[in-house]
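One structure is given below, encoded as structure tokens.
As the structure lists them, so they are numbered: ligands from 1, and atoms in each ligand from 1.
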Amino acid sequence: MSTATDRKQNLAPPAAHFTSADKQLLRRRLFAWYSKSARDLPWRRSRDAYGVWVSEVMLQQTTVAAVRDYFKRFMEAFPDVHALANAPETRVMRAWEGLGYYRRARQLHAAAKKIVAEHGGALPPNVVELQELPGIGRYTAGAIASIAFGQRAPILEANTVRLLSRLIGYREDPLATTGQRVLWRVAEEILPQKNVAHFNQALMELGSLVCTPSVPNCAECPLSAVCTAFSLGLQSEIPRPKARKTYTYLREAAVLVRKNGSVLIRRCGEGERWAGLWDFPRFGLDAEGPLYARDEIVAKVCEQTGVTCAPTGLLKTFKHGVTRYRITLECYEAKHVAGRVHLASSATARWVKFSELSEIPLSATGRQIAKLLPGDTSRSKKS
Ligand code: SF4
């Protein structure tokens, strides 16, 4: 085993990061830990490639706690690739509503269609073909190939980036091109010849439960004997902290235009924040402009939908965050005055009964606004 002194003198990562003995120890201890500590997660009960794929896509940038129930509901609604491929996009988006990063759902749907059309409904078992499917990058391909098909494919995601960076004492930016190259090489270097499915899952589990971002539990870690960050006391410095986020503050308006028990909604087009979801007419307002900018509201609703409305008041103000934006959203009520809905760019607009809103995939704040409507049934229904 390489010593702490060796590592102190050579902090730049060498070509091979572990001796054979280190790797054997790492694998043995990791397997032993995982057999005792693995959580019982719904997607771990089967090695079915479709379930592995859905769970891995849901888990991208989303916590296990948030994904659990979504995964169960999604698998009940779309139990296999054919069911997903044949479903209307509205149903898929409604099942995904609230999980965020909606592009994932649209790509999953598109990939299911491609798998049916080009692979007879079965996911291909190798990383090259998997990466040709929409929304499947190197990590997701490696996870599916190793977990579902037992292929000797490495993985690298948020938890293992942190874990591997600490294990080898990598002090540069792990997300930069060089950092990624180094860590992918490490992920490959430590792979065992057999049982790669468990090994990869164990690495992610250890990163998630023990080698946590701010206070890793090194006292309980099975890999402390081969961990450079631990031996040098650098756990809090590795991986290198990200630059502080700077936020952009926005003011927006959403308008509930009513007509005889119906309300006006529009589908967000490509390039918009909620692409693929439905929303009430929504637009930016001048941050310094007056509260209740009546003329601007009328003009913007007409521009987006073709409908002329008469605002009747401010219903509620929400504050919410989306990526780097901190948004103050003013929700106005309005009556329909004139005009028919028209197609605007790649988005469409339509009138829907209040009761229909529960079946329509809405943006997160769109759903909150829908709950302000009398007779809205989305309060009690879930996808
Ligand atoms: Fe992470 Fe600590 Fe384990 Fe190293 S010893 S891998 S820093 S938990």
Side-chain angles (χ1 to χ4, degrees), residues 1-39 41 44 59-61 63-65 139 142-143 146-147 153-176 178-192 195-243:
M1 190 187 309
S2 52
T3 65
T5 314
D6 294 338
R7 291 174 184 138
K8 243 177 211 159
Q9 287 165 354
N10 189 14
L11 286 172
H17 302 278
F18 297 98
T19 64
S20 296
D22 278 353
K23 283 188 275 189
Q24 279 178 17
L25 182 77
L26 182 153
R27 292 167 190 150
R28 201 171 55 244
R29 292 197 175 172
L30 188 64
F31 279 131
W33 174 83
Y34 190 62
S35 68
K36 283 188 302 191
S37 311
R39 287 170 291 181
L41 300 174
R44 288 198 181 141
L59 286 163
Q60 290 165 11
Q61 292 160 302
T63 62
V64 164
Y139 160 68
S146 61
I147 298 169
I155 49 129
L156 188 64
E157 43 67 78
N159 288 313
T160 45
V161 162
R162 184 172 60 253
L163 174 67
L164 299 185
S165 296
R166 286 173 173 158
L167 283 176
I168 66 165
Y170 189 69
R171 295 209 274 188
E172 303 303 321
D173 180 357
L175 301 180
T178 307
Q180 286 287 294
R181 199 166 46 235
V182 168
L183 295 179
W184 274 107
R185 205 165 55 219
V186 177
E188 205 161 349
E189 182 189 332
I190 58 177
L191 275 182
N195 216 354
V196 180
H198 271 105
F199 184 81
N200 280 346
Q201 290 182 94
L203 278 180
M204 290 189 275
E205 193 79 332
L206 188 70
S208 173
L209 298 181
V210 177
C211 195
T212 50
S214 47
V215 190
N217 188 359
C218 303
E220 300 288 325
C221 179
L223 306 188
S224 57
V226 290
C227 178
T228 302
F230 176 67
S231 67
L232 301 178
L234 291 174
Q235 301 94 312
S236 58
E237 288 163 51
I238 297 176
R240 179 198 279 194
K242 289 183 194 147

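- For atom 3 (Fe) of ligand 1, the set of nearby N, O or S atoms under 2.8 Å includes one belonging to C221.
- Side-chain N or O atoms of R27 include one that pairs as donor or acceptor with a backbone N or O of I190 at under 3.5 Å.
- The contact set between ligand 1 and Q235, taken as ligand atoms under 4.0 Å from a residue heavy atom, comprises 7 (S).
- Under a 3.5 Å cut-off, the side chain of S146 and the backbone N or O of A197 do not form any donor-acceptor pair.
- Within the 2.8 Å limit, C218 places no N, O or S atom next to atom 4 (Fe) of ligand 1.
- You'll find the side chain of E172 reaches within 4.5 Å of the side chain of R240, heavy atoms only.
- Using a distance-only test at 3.5 Å, with no hydrogens or angles considered, no donor-acceptor pair links the side chain of D22 to the main chain of H17.
- Side chains of E205 and S208: no donor on one and acceptor on the other come within 3.5 Å.
- Distance alone, capped at 3.5 Å, places no donor-acceptor pair between the Q201 side chain and the M204 backbone.
- With respect to atom 1 (Fe) of ligand 1, the closest heavy atom belonging to the protein is C211 SG, 2.4 Å.
- Numbered from 1 in the order shown, with element, the atoms of ligand 1 that lie under 4.0 Å from a heavy atom of P216 read 8 (S).
- Nearest-residue assignment for atom 6 (S) of ligand 1 (options L223, T212, L163; heavy-atom criterion): L163.
- Looking at S165, A229, C227 and measuring to atom 4 (Fe) of ligand 1, the nearest heavy atom belongs to C227.
- Short contacts between ligand 1 and S224, defined as distances under 4.0 Å to a heavy atom of the residue, involve ligand atoms 5 (S).
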